[in-house]
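This report refers to the structure that appears directly beneath it.
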There are 2 protein chains.
Amino acid sequence: MPKVKVLSAPSVRRLPSYLLITRAALEEGLQYISATRIASELELEPIQVRKDLAITGIVGKPKKGYPVEELVNAIVHFLRWDEVNNAILVGAGHLGSALIGFPGFRSHGLNFVAAFDNSPQKAGTRIHDVPVYSLDKLQEKVSEMKIALAVLTVPRDIAQDLTDLLVSAGILAIWNFTNFKVRTPEHVVVQNEDLSSGFAMLCVKRRIMELA
Amino acid sequence: MPKVKVLSAPSVRRLPSYLLITRAALEEGLQYISATRIASELELEPIQVRKDLAITGIVGKPKKGYPVEELVNAIVHFLRWDEVNNAILVGAGHLGSALIGFPGFRSHGLNFVAAFDNSPQKAGTRIHDVPVYSLDKLQEKVSEMKIALAVLTVPRDIAQDLTDLLVSAGILAIWNFTNFKVRTPEHVVVQNEDLSSGFAMLCVKRRIMELA
DNA sequence: TAGATTGTTAATCGATTAACAATC
DNA sequence: TAGATTGTTAATCGATTAACAATC
């Protein structure tokens with residue numbers, strides 16, 4: 001029986017950057033890549049990289065490092081980025097449109113199949129080749145296409161209403177770019193993104209720099 | 001002599017969400033708001049909210065909570081969101097355009113005054129009323145307008161070159177949305193955003209949910 | 001072989017949570 | 001007053017870092 005892995009959020013968050021570097025090494029035709037090298041490219045400690053990579057199950061070779069191709073596969077599989085995830089976008093504003101067109105997401109198995117917006121002008125159009133529907137088609141399309149994942153980019157004040165709609169349509173995972181803390185039943189997972197928090201960090205770093 | 005505050009990154013990152021809730025309380029006309037209430041809206045522990053708010057210097061009243069107006073001011077001042085920060089956007093693609101138009105940033109003192117892009121079609125146009133210039137105007141405009149802050153939304157492979165350009169133009173802070181770890185001199189602060197890391201978190205949460 | 005690197009076990013560091021006196 | 005809440009001090013928890021034997 002497989003032991004329940006302990007999830008370390010900071011480690012998981014660093015994996016995508018390791019994947020990028022390892023993929024670049026693969027392109028270069030390298031056989032092995034060491035934690036030391038990954039660490040130096042990202043200005044991290046090698047021990048941290050080794051600890052993080054361990055959660056994917058990869059086994060390295062002393063003196064050489066990690067086999068590049070296996071490492072790519074290990075990270076990709078750990079993140080389930082080796083399976084296509086059909087997703088919908090809810091709220092086809094500027095941010096949502098940018099996310100649909102984001103080139104990197106393709107390689108993460110993130111595949112937008114439909115967008116929904118309450119603006120009548122947008123229904124019937126396409127954004128980055130993804131069809132936009134009116135919100136009242138959401139329920140139907142989600143069950144018809146068996147979608148599990150939704151990206152939420154709507155104004156804060158309708159975030160909860162749309163979340164409720166998504167949940168009742170059968171959505172199981174919500175990537176929430178509104179800054180509203182939406183409530184969901186236990187079986188629905190939510191990942192909240194808050195752009196302001198990054199900006200807050202930048203501002204505080206500047207303040208510290210000025211004081212120094 | 002003011003003691004050097006210890007910066008707790010997680011605390012700083014939570015402040016913007018406290019600010020939103022406190023501003024809403026201000027709109028409602030409330031005099032006081034308790035950490036208990038803020039915590040329950042965000043599904044956090046009250047003790048965590050009190051600890052976080054303490055870094056802003058706010059002093060609450062036992063039994064009542066924090067004076068709403070003072071709390072808004074304390075957070076806003078701690079983050080330096082009470083001063084206008086003129087900023088430039090480098091890379092006027094979809095994400096960059098979305099960021100320029102993001103309504104919340106206005107209230108954070110983030111004021112875009114120019115955008116730069118190497119595409120000749122974009123130079124001379126406007127994005128959300130912000131003029132777009134060709135990249136070779138960057139140096140000139142930055143020093144002319146005394147800009148300290150740049151938002152970087154360019155492809156990964158030119159991130160370092162543009163960072164070097166920004167640094168030599170005198171930029172002091174870079175909000176980096178590329179997934180490349182750019183190198184800068186010590187006096188330049190950088191905040192890296194990685195959209196993929198949030199998606200990685202969502203994927204791992206889903207996996208755990210499925211196993212449970 | 002010698003030296004670089006891995007993976008494990010232990011130590012340190014920092015963030016969160018708990019306990020509780022003070023207080024309005 | 002009684003009870004809710006603050007702010008401080010202490011305890012716990014988890015993440016990072018250090019130390020080091022194993023190894024190719």
Side-chain angles (χ1 to χ4, degrees), chain A residues 3-15 17-18 21-22 25 30-72 74-75 78 197 200-201 204-205 208, chain B residues 3-15 17-18 21-22 25 30-72 74-75 78 197 200-201 204-205 208:
Chain A
K3 241 199 278 176
V4 174
K5 286 249 180 58
V6 178
L7 169 134
S8 162
S11 297
V12 171
R13 285 184 170 281
R14 284 186 292 264
L15 290 179
S17 59
Y18 301 162
I21 286 169
T22 312
L30 292 180
Q31 295 284 311
Y32 290 90
I33 187 167
S34 69
T36 313
R37 173 160 166 198
I38 294 175
S40 89
E41 290 200 29
L42 295 169
E43 296 181 318
L44 300 173
E45 295 300 319
I47 175 62
Q48 186 169 59
V49 175
R50 280 180 286 162
K51 268 276 161 71
D52 289 344
L53 292 180
I55 68 175
T56 69
I58 188 75
V59 174
K61 271 205 178 32
K63 169 110 174 137
K64 302 187 130 183
Y66 301 88
V68 169
E69 202 174 338
E70 271 182 52
L71 180 52
V72 168
I75 298 174
F78 178 80
S197 77
M201 280 299 298
V204 170
K205 284 178 186 171
I208 290 170
Chain B
K3 241 197 282 177
V4 175
K5 287 249 179 60
V6 178
L7 169 135
S8 162
S11 297
V12 171
R13 286 185 170 280
R14 283 186 293 263
L15 290 178
S17 60
Y18 302 162
I21 287 169
T22 311
L30 293 179
Q31 296 284 312
Y32 290 89
I33 187 167
S34 69
T36 313
R37 173 160 165 197
I38 295 175
S40 89
E41 290 200 29
L42 295 169
E43 295 181 319
L44 299 174
E45 295 300 318
I47 175 62
Q48 185 168 60
V49 175
R50 279 180 285 158
K51 268 275 160 72
D52 289 344
L53 292 180
I55 69 175
T56 69
I58 188 75
V59 174
K61 271 204 179 31
K63 169 113 173 135
K64 300 187 133 183
Y66 301 87
V68 169
E69 203 173 338
E70 271 182 53
L71 181 52
V72 168
I75 297 173
F78 178 80
S197 77
M201 280 299 298
V204 170
K205 284 179 186 171
I208 290 170

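Values below: every heavy atom of this structure, side chains too, minus hydrogens, waters and symmetry copies. Throughout, protein chains are lettered first and strands after them, A, B, ... in sequence-line order, and every chain is numbered starting at 1.
In this structure, A:Thr22 OG1 and A:Ile38 CD1 are separated by 4.0 Å, a value rounded to the nearest 0.5 Å. Note that CG of B:Leu42 and OG of B:Ser17 are 4.5 Å apart. Values are rounded to the nearest 0.5 Å. Taking NZ of A:Lys64 as the reference point, atom CG of A:Leu30 lies at 12.0 Å (rounded to 0.5 Å). Rounded to the nearest 0.5 Å, atoms CE (A:Met201) and CG (B:Leu7) are 5.5 Å apart.
Taking a pair to require two hydrogen-bonding distances under 3.5 Å in either a Watson-Crick or a G-U wobble arrangement, D:dA22 pairs with C:dT5. Across all strands shown, the partner of D:dA15 is C:dT12, judged by Watson-Crick or G-U wobble contacts whose two distances both fall under 3.5 Å.
Across B:Arg50 and B:Tyr66, no two heavy atoms sit closer than the pair CG-OH, 3.3 Å. Here the shortest heavy-atom pairing between A:Phe78 and B:Val204 reads CE2-CG2, 3.9 Å.
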message: Please evaluate residues B:Arg14 and B:Leu44 with respect to the criterion side chain to side chain contact (heavy atoms under 4.5 Å, CB included), reporting the C-alpha separation (whole Å), side-chain torsions for both, the decisive distance (0.1 Å), and the verdict.
response: CA-CA 10 Å; B:Arg14 283 186 293 263; B:Leu44 299 174; 4.0 Å; yes
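Taking every heavy atom of residues 32-39 of chain B and every atom of DNA chain D, pairs under 4.0 Å involve B:Ser34, B:Ala35, B:Thr36, by number.
For B:Ile55 and D:dG7, the CD1 to P distance is 14 Å, given to the nearest whole Å. Rounded to an integer number of Å, the gap from CG of B:Leu42 to P of C:dT16 is 14 Å. For B:Ile58 and D:dT8, the CD1 to P distance is 13 Å, given to the nearest whole Å. The CG-C1' distance, from A:Leu71 to C:dT5, rounds to 15 Å in whole Å.
The shortest side-chain heavy-atom distance between A:Leu53 and A:Ile75 falls under the 4.5 Å cut-off.
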message: Protein within reach of the bases, or only the backbone? For nucleotides 17-24 of chain C, mark each nucleotide 5' to 3' as B, S or -, using heavy atoms under 4.0 Å.
response: BB----BB
